[in-house]
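Given the structure is predicted, the values throughout are model-derived calculations rather than measurements. To find a chain, count down the sequence lines: A is the first, B the second, and so on, and within it residues start at 1.
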Amino acid sequence: MEEKILPIALRNAIKYNGKANPKAVLGIFLSENPEYRSKAKEVMPIVEKVVEEVNKLSLDEIKKKLEELGEDVKKKEKKEKGLELPNVKDKVVMRFAPNPSGPLHIGHARAAVLNDYFVKKYGGKLILRLEDTDPKRVLPEAYDMIKEDLDWLGVKVDEVVIQSDRIELYYEYGRKLIEMGHAYVCDCNPEEFRELRNKGVPCKCRDRAIEDNLELWEKMLNGELENVAVRLKTDIKHKNPSIRDFPIFRVEKTPHPRTGDKYCVYPLMNFSVPVDDHLLGMTHVLRGKDHIVNTEKQAYIYKYFGWEMPEFIHYGILKIEDIVLSTSSMYKGIKEGLYSGWDDVRLGTLRALRRRGIKPEAIYEIMKRIGIKQADVKFSWENLYAINKELIDKDARRFFFVWNPKKLIIEGAEKKVLKLRMHPDRPEFGERELIFDGEVYVVGDELEENKMYRLMELFNIVVEKVDDIALAKYHSDDFKIARKNKAKIIHWIPVKDSVKVKVLMPDGEIKEGFAEKDFAKVEVDDIIQFERFGFVRIDKKDNDGFVCCYAHR
RNA sequence: GCUCCGGUGGUGUAGUCCGGCCAAUCAUGCGGGCCUUUCGAGCCCGCGACCCGGGUUCAAAUCCCGGCCGGAGCACCA
């Protein structure tokens, strides 16, 4: 027994810098030798004895001893389990099903990315299903914006289905439910019905004859009725009152952006969704856990038609702070002129993030990392920015940008021409030129009188006066002097030939200032780093200068 | 109120199903250091978690019971 314990103790000691732990050693031993589990109390003293002997050895002696025993020093590594779906037989059919009320936002990206990821992982088909059965909440231009957003994000859609194209199909299946006696037309006031429902009491409509329900159904479709709905017969005593006889169709006469006033009866999601999920062959359905009860409701549809249910995966709510996500708020703000458009950098739409210089790969990656667990998740902008930085840093040229600029005149210094690398790690990017001629811009609130500063890549100065224009005197060249004097290192640009720049910040602020002259060579859509400021994407370039959108630090 | 889902470093996570390999992984954040001077990137060191109580067990982040906290649904929206 000691012979079996010894190598375990030696390995444990190696892992923990020469000190093995008896409990851990016992655990590993029992895991590998289940027959001793019932004798744990007897084994422990033996383990302790072996561990005590091992802990007397030096780390080198421990390694030597282990090698003498012919044991591999290295510990096996555990494979990391990736994202997986349950019960995948062959391929999968999945769907991303937004309501076309606006372009996609960061919250939508989770469902879009995860569906796409699994379809790519297992093979199969991804269907984009636009759920527009509420005419009041459809924005016509959203149909195309959503497709554009998915393209940009790298989500590959195999088929597009629009629910407003399928209204008559829903009518057909609705009629079948009535014919089977599983649905009925109800003309009760919704509040009246709710009171009855909460008491577990059926309403007066529930037991109407099938023939009468069918007659009323035709009248609904012909527009002859208002204030009626079709209800599914479930269980009027179900312990969850919201599952009792919920509605599956209703009258809505608002003209639809795509179908006009052709229809006045629309299905509700707890009907159209299971019908479509079945007919379109879903194998797996990802949805937020706010829809768990809806899955229970939809189970009745599957049962009544005798359909097999797909695999449902419910994931926790993704909470996203510090940004505007509400489609109705965004729409209202755009209409009122508060926002410039759906890509205003203050908004959480994908096109706003794109405008800021966030890469689709970064969004894809973070949504994979968030995954499908049922715990609620708080979105980490920091993590998104860290992933994005990995993607953009190697290609991002560096420039100086002076926001809130103050002119600084420096006496006692000679003219100087500097050549700096565009990128610290990429010499092939070439160089940029800064010409010192006595006058520079620095960030306005960085200067204090009688203090030494280090102008980056230039020299040390002492500031004498800070007014509308600041005055300084050349002190020395040596960087070590700056360090010795704990001088702050600040960036600067020559006043001459500087370029006007505005940066739009996600919090709405606009930082204005100047960049160095070689900055003028950048093109729209370039992503660059302003040193000591952060990464930005070039948004606009004209006679008035440049407009950039701030990504992150 | 009814019905449900959840809780692992400051943030995001892996691990829980099948108890030991967990002295709990990885990322991010923060502090310090190294590396051509900022911002970064890279490397090194450090800080910081299994919501609480009880039980089962030789052994619990993991299984059981209770509590607390967070979230969701109860729309003729999705």
Side-chain angles (χ1 to χ4, degrees), chain A residues 8 11-12 15-16 19-21 23-32 34 36-44 75-76 78 80-82 97-99 101 131-134 136-137 186 188-190 193-194 197-198 227-231 238-244 246-252 266 268-270 272-273 287-294 296-297 314-317 319 366 369-371 373-387 389-390 393-394 396 398 400 423-425 454 456-457 479-480 482-483 488-491 529-535 553:
Chain A
I8 296 172
R11 269 199 292 273
N12 193 249
K15 185 172 178 182
Y16 294 98
K19 295 292 179 196
N21 178 305
K23 281 179 75 178
V25 171
L26 177 67
I28 298 165
F29 174 74
L30 292 180
S31 177
E32 292 173 1
Y36 286 100
R37 283 179 186 174
S38 59
K39 297 172 183 170
K41 282 179 182 171
E42 300 164 32
V43 176
M44 193 53 161
K75 173 182 176 294
K76 287 180 185 176
K78 210 176 193 178
E80 193 175 306
K81 196 163 125 189
N99 166 18
S101 57
E131 302 194 338
D132 60 348
T133 54
D134 181 0
K136 295 196 294 289
R137 293 182 66 246
C186 176
C188 294
N189 180 288
F193 182 84
R194 189 179 309 119
R197 180 200 70 182
N198 287 344
N227 301 322
V228 296
V230 176
R231 290 185 185 282
H238 195 285
K239 64 181 177 174
N240 185 346
S242 71
I243 290 180
R244 299 169 184 166
F246 57 88
I248 56 173
F249 285 92
R250 88 289 199 189
V251 174
E252 175 58 68
Y266 291 91
L268 289 141
M269 71 157 285
N270 282 319
S272 52
V273 165
R287 59 184 12 168
K289 69 176 190 182
D290 51 332
H291 287 289
I292 289 180
V293 173
N294 289 332
E296 280 190 67
K297 289 176 177 175
H314 300 102
Y315 51 65
I317 302 304
K319 187 175 185 187
I366 199 168
R369 290 186 195 183
I370 288 172
K373 74 181 275 187
Q374 278 202 313
D376 291 348
V377 174
K378 184 177 169 191
F379 186 75
S380 173
W381 289 105
E382 284 176 353
N383 284 356
L384 174 65
Y385 297 156
I387 299 168
K389 255 192 274 188
E390 259 186 66
D393 177 65
K394 62 188 185 299
R398 268 70 164 148
F400 287 158
H423 193 297
D425 304 330
R454 172 78 183 179
M456 281 171 64
E457 311 288 355
F479 173 69
K480 287 181 181 132
R483 194 173 254 181
K488 192 176 181 183
I489 306 166
I490 61 175
H491 67 293
Q529 190 204 53
F530 284 137
E531 296 192 66
R532 297 183 73 233
F533 180 80
F535 292 89
R553 283 192 57 160

*Is any side-chain nitrogen or oxygen of A/Q374 closer than 4.0 Å to OP1 or OP2 of B/C5?*
no

*Distance in Å, A/K319 NZ paired with A/K378 NZ, rounded so as to fall on 0.5 Å steps*: 7.0 Å

_Quick check for you: among B/U13, B/C76, B/C5, whose closest atom lies nearest to any side-chain atom of A/I370?_
B/U13

*Looking only at side-chain atoms of A/A386, point me to the closest of B/A23, B/U28, B/A78.*
B/U28

*asked:* From the set B/C74, B/G40, B/U11, return the single nucleotide nearest to any side-chain atom of A/S380.
replied: B/U11

*Shortest side-chain distance from A/K289, nucleotide among B/A14, B/C5, B/G12*: B/C5

*CZ-CE distance between A/R532 and A/M456, expressed to the nearest 0.5 angstrom*: 7.0 Å

*asked:* Of the options B/U38, B/U3, B/C74, whose atoms approach the side-chain atoms of A/N240 most closely?
replied: B/U3

*Is the shortest side-chain N/O distance from A/R369 to OP1 or OP2 of B/A14 below 4.0 Å?*
no

*Where the side chain of A/R532 is defined as all heavy atoms beyond and including C-beta, which of B/U38, B/U13, B/G29 is the nearest nucleotide?*
B/U38

*asked:* Taking 4.0 Å as the cut-off, does a side-chain nitrogen or oxygen of A/K239 come that near to OP1 or OP2 on B/C4?
replied: yes

_Taking 4.0 Å as the cut-off, does a side-chain nitrogen or oxygen of A/R250 come that near to OP1 or OP2 on B/C77?_
yes

_Any-strand Watson-Crick or G-U partner of B/C68, both distances under 3.5 Å_ = B/G7

*What is the nucleic acid contact for A/N227, judged by heavy atoms within less than 4.0 Å: base, sugar-phosphate only, or nothing?*
nothing

*Side chain of A/K373 (C-beta onward), nearest among B/C76, B/G7, B/C21*: B/G7

*Supply the atom-to-atom distance A/I248 CD1 to A/N270 CG, rounded to the nearest 0.5 angstrom.*
10.0 Å

_Heavy atoms only, 4.0 Å cut-off, all strands: where does A/R197 land among base, sugar-phosphate and nothing?_
sugar-phosphate

_Regarding A/P424, tell me which of base, sugar-phosphate or nothing describes its non-hydrogen contacts under 4.0 Å with the strands shown._
base

*Counting side-chain heavy atoms from CB outward, which of B/C2, B/C21, B/G40 is closest to A/P241?*
B/C2

*asked:* In whole Å, measure the gap between the C1' atoms of B/C76 and B/U16 for me.
replied: 43 Å

_Distance check, rounded to the nearest 0.5 Å: A/F379 atom CZ versus A/I370 atom CD1?_
5.5 Å

_Pairing nucleotide - B/A23, Watson-Crick or G-U, each distance under 3.5 Å_ = none

*What integer number of Å spans the P atoms of B/C26 and B/G42?*
15 Å

*Can you tell me how far C1' of B/G40 sits from NZ of A/K394, to the nearest Å?*
14 Å

*More 5' along RNA chain B: A/A24 or A/L30, using each one's nearest nucleotide?*
A/L30

*Just to confirm, is there a sub-4.0 Å distance from OP1 or OP2 of B/G40 to any side-chain nitrogen or oxygen of A/R553?*
yes

_Taking the P atom in each of B/G7 and B/C52, what is the distance between them to the nearest angstrom?_
14 Å

*How is A/H238 classified with respect to the nucleic acid when contacts are heavy atoms under 4.0 Å: base, sugar-phosphate, or nothing?*
nothing

*Gap in Å between the two C1' atoms, one belonging to B/U13 and one to B/C65, rounded*: 29 Å

*What nucleic acid atoms does A/R37 come within less than 4.0 Å of, heavy atoms only: base, sugar-phosphate, or nothing?*
base

*Taking the same atom, C1', in B/G9 and in B/G15, what whole-Å distance lies between them?*
15 Å

*How is A/M269 classified with respect to the nucleic acid when contacts are heavy atoms under 4.0 Å: base, sugar-phosphate, or nothing?*
base

*Expressed in whole Å, how much space separates the C1' atoms belonging to B/A60 and B/G48?*
23 Å

*asked:* Can you tell me the base-pairing partner of B/C43? Count Watson-Crick or G-U wobble geometry only, both distances below 3.5 Å, and say none if there is no partner.
replied: B/G33

*Search all heavy atoms of A/K394 against all heavy atoms of A/E390 and return the closest pair with its distance.*
NZ-O, 4.2 Å

*Nearest-angstrom distance, P atom, B/U25 to B/A61*: 14 Å

*Would you mind classifying the nucleic acid contact of A/E131 as base, sugar-phosphate or nothing, using non-hydrogen atoms under 4.0 angstrom?*
sugar-phosphate

*Using a heavy-atom cut-off of under 4.0 Å over every strand shown, decide if A/D134 touches base, sugar-phosphate, or nothing.*
sugar-phosphate

*Report which part of the nucleic acid A/N294 touches: base, sugar-phosphate, or nothing (heavy-atom distance under 4.0 Å, all strands).*
base

*With respect to the phosphate group of B/A78, does any side-chain polar atom (N or O) of A/T133 fall under 4.0 Å of OP1 or OP2?*
yes

*Counting heavy atoms not belonging to A/R553, are there more than 12 under 6.0 Å from its CZ?*
no

*Which pair of heavy atoms, one from A/T133 and one from A/Y266, lies closest together, and at what distance?*
O-CB, 3.5 Å

*Does A/E382 make a side-chain donor-acceptor contact with the base of B/U28, cut-off 3.5 Å?*
no

*Both distances under 3.5 Å, Watson-Crick or G-U wobble: report the partner of B/C17, or none.*
none

*For atom C1', what is the distance between B/A14 and B/A27, given to the nearest Å?*
11 Å

*Say you draw a straight line from CD of A/Q374 to CD1 of A/I292; how long is it, rounded to the nearest 0.5 Å?*
5.0 Å

*How is A/V377 classified with respect to the nucleic acid when contacts are heavy atoms under 4.0 Å: base, sugar-phosphate, or nothing?*
sugar-phosphate

*Under-4.0 Å side-chain N/O to phosphate OP1/OP2 contact, A/K23 with B/C22*: no

*Taking only the side-chain heavy atoms of A/K378 (C-beta and beyond), determine which of B/G29, B/U37, B/U11 contains the nearest atom.*
B/U11

*Got a second to check how far A/E32's CD is from A/I8's CD1, nearest 0.5 Å?*
4.5 Å

*Among the nucleotides B/A23, B/C58, B/G73, which one has an atom lying closest to any side-chain atom of A/A40?*
B/C58

*Base, sugar-phosphate, or nothing: which does A/L268 touch, judged by heavy atoms less than 4.0 Å apart?*
sugar-phosphate

*Determine which nucleotide pairs with B/G48, using a 3.5 Å limit on both distances of a Watson-Crick or G-U wobble pair.*
none

_Let's test this: given Watson-Crick or G-U wobble pairing with both distances under 3.5 Å, identify the partner of B/G1._
B/C74

